[in-house]
Amino acid sequence: MSVNENYLNSANLPVHIGFIMDGNGRWAKARKLTRTHGHSAGVTAMEKIIRHCGDLGIRYVTFYAFSTENWSRPKAEVDFLMNLFSTYMDKIISDIKRGKMEAHFRFIGNLDVFSNSFREKIQYISEKTAENSSNITVNVAVNYGGRAEIVHAVNSFISENPNKIITEKDITERLYTGLLPDPDMIIRTAGESRLSNFLLWQGSYSEIYIASVCWPDFTPDELDKALEDYGRRTRKFGGLSE
Ligand code: FPP
């Protein structure tokens with residue numbers, strides 16, 4: 001079934017979409033491949049989705065690439081994922097140097113745990129692509145946890161203002177996402193209906209969309225279906241619909 005193109009007009013599109021990229025392991029298992037093949041295929045899917053979102057004019061996307069809880073996976077899988085991030089960053093750096101990078105990349109999460117070389121790449125990419133911020137902004141959440149992010153924001157406020165009453169704005173400003181608009185929509189793949197500690201504060205009024213396909217099979221056409229579904233919804237933010 002084809003998507004009604006009206007729902008892909010900028011007036012109807014979300015400004016910010018969060019993606020929980022679930023099901024890489026299941027995708028690989030179904031093909032008798034190792035889980036790591038699933039993660040590699042996941043990166044390819046992510047690249048296609050970024051390109052498609054850019055073409056549609058979506059301004060912000062946030063990908064949940066590695067959670068604070070993912071460290072509990074077998075060491076070989078964690079090592080593979082870290083290598084994948086590193087290779088991915090090398091590719092971005094090469095694109096930047098060739099003048100081929102049009103997106104603004106940001107990395108959100110507790111980045112202190114990563115090696116110097118890893119953090120240097122993150123910093124280089126964030127700085128060099130900042131000039132692209134009028135195009136799509138891509139947030140990659142690594143060592144990210146929504147609860148840890150809120151605790152970090154509260155602690156940083158208290159250390160600056162020990163005697164003040166804390167407001168919602170004080171927390172929002174100190175989240176890793178900073179002044180980015182909240183996600184209008186959060187998409188999770190592989191049929192799971194959980195937030196899993198992703199954008200807990202920012203996602204308070206996000207429209208949740210669950211896709212049945214595993215992340216490597218989440219194609220631009222699947223995204224279009226999700227966007228049509230989003231366009232048909234009425235957002236109420238706690239109020240009443242007309
Ligand atoms: C969840 O699927 C996926 C992850 C924990 C990792 C997501 C990472 C990627 C798609 C790669 C991103 C890479 C870069 C370079 C940003 P799962 O492994 O839990 O799948 P399963 O539930 O089927 O086992």
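Only heavy atoms go into these numbers, but all of them, side chains included; no hydrogens, no water, no symmetry mates. Atoms within each ligand, like the ligands themselves, are counted from 1 in listed order.
- When each of D184, T62, T137 is tested with H16 by the rule side chain to side chain donor-acceptor pair (under 3.5 Å), just one qualifies, namely T62.
- Close contacts of ligand 1 with R26, meaning ligand atoms under 4.0 Å from a residue heavy atom, involve 21 (P), 22 (O), 23 (O).
- Using cut-offs of 30° and 60° on the angle between ring planes, the pair F19 and F63 is parallel.
- For the side chain to side chain donor-acceptor pair (under 3.5 Å) condition, the pairs that include at least one residue of residues 125-135, sequence neighbours left out, are Q123-E127.
- With a 4.0 Å heavy-atom cut-off, ligand 1 is reached by no atom of T87.
- For atom 3 (C) of ligand 1, the closest heavy atom belonging to the protein is M21 O, 3.1 Å.
- Residue-ligand proximity: E192 is placed with every non-hydrogen atom at 4.0 Å or more from ligand 1.
- Among N24, N70, T44, the residue whose heavy atom lies closest to atom 5 (C) of ligand 1 is N70.
- Listed by number with element, the atoms of ligand 1 under 4.0 Å from a non-hydrogen atom of Y88 are 15 (C).
- A side-chain donor-acceptor contact under 3.5 Å links W71 and N143.
- Atoms of ligand 1 lying under 4.0 Å from any heavy atom of R73, numbered from 1 in the order shown and given with element: 5 (C), 17 (P), 18 (O), 19 (O).
- Protein heavy atom in closest approach to atom 20 (O) of ligand 1: G25 N, 3.0 Å.
- Residue-ligand proximity, R35 to ligand 1, at heavy-atom distances under 4.0 Å covers atoms 17 (P), 18 (O), 24 (O).
- The pair E222-K48 fails the salt-bridge criterion, with no side-chain N (NZ, NE, NH1 or NH2) lying under 4.0 Å from an Asp/Glu carboxylate O.
- No hydrogens or angles considered: nothing links the side chains of S86 and N83 as a donor-acceptor pair under 3.5 Å.
- Given atom 4 (C) of ligand 1, the protein heavy atom at minimum distance is H39 CE1, 4.0 Å.
- Residue-ligand proximity, V43 to ligand 1, at heavy-atom distances under 4.0 Å covers atoms 11 (C), 13 (C), 15 (C).
- Atoms of ligand 1 lying under 4.0 Å from any heavy atom of G23, numbered from 1 in the order shown and given with element: 2 (O), 20 (O), 21 (P), 23 (O).
- Side chains of H37 and T34: a donor-acceptor N/O pair is present below 3.5 angstrom, by distance only.
- Criterion: ILVMFWY side-chain heavy atoms under 4.5 Å apart, direct or through other members. Under it, M21 and I210 are not part of a common hydrophobic cluster.
- Using the six-membered ring where Trp is involved, Y88 and F105 have ring planes that are perpendicular, over 60° apart on the 30 and 60° scheme.
- For ligand 1, the atoms lying closer than 4.0 Å to a non-hydrogen atom of A65 are 6 (C), 7 (C), 8 (C), 16 (C).
- Within ligand 1, the atoms closer than 4.0 Å to a non-hydrogen atom of M46 are 16 (C), numbered from 1 in the order shown.
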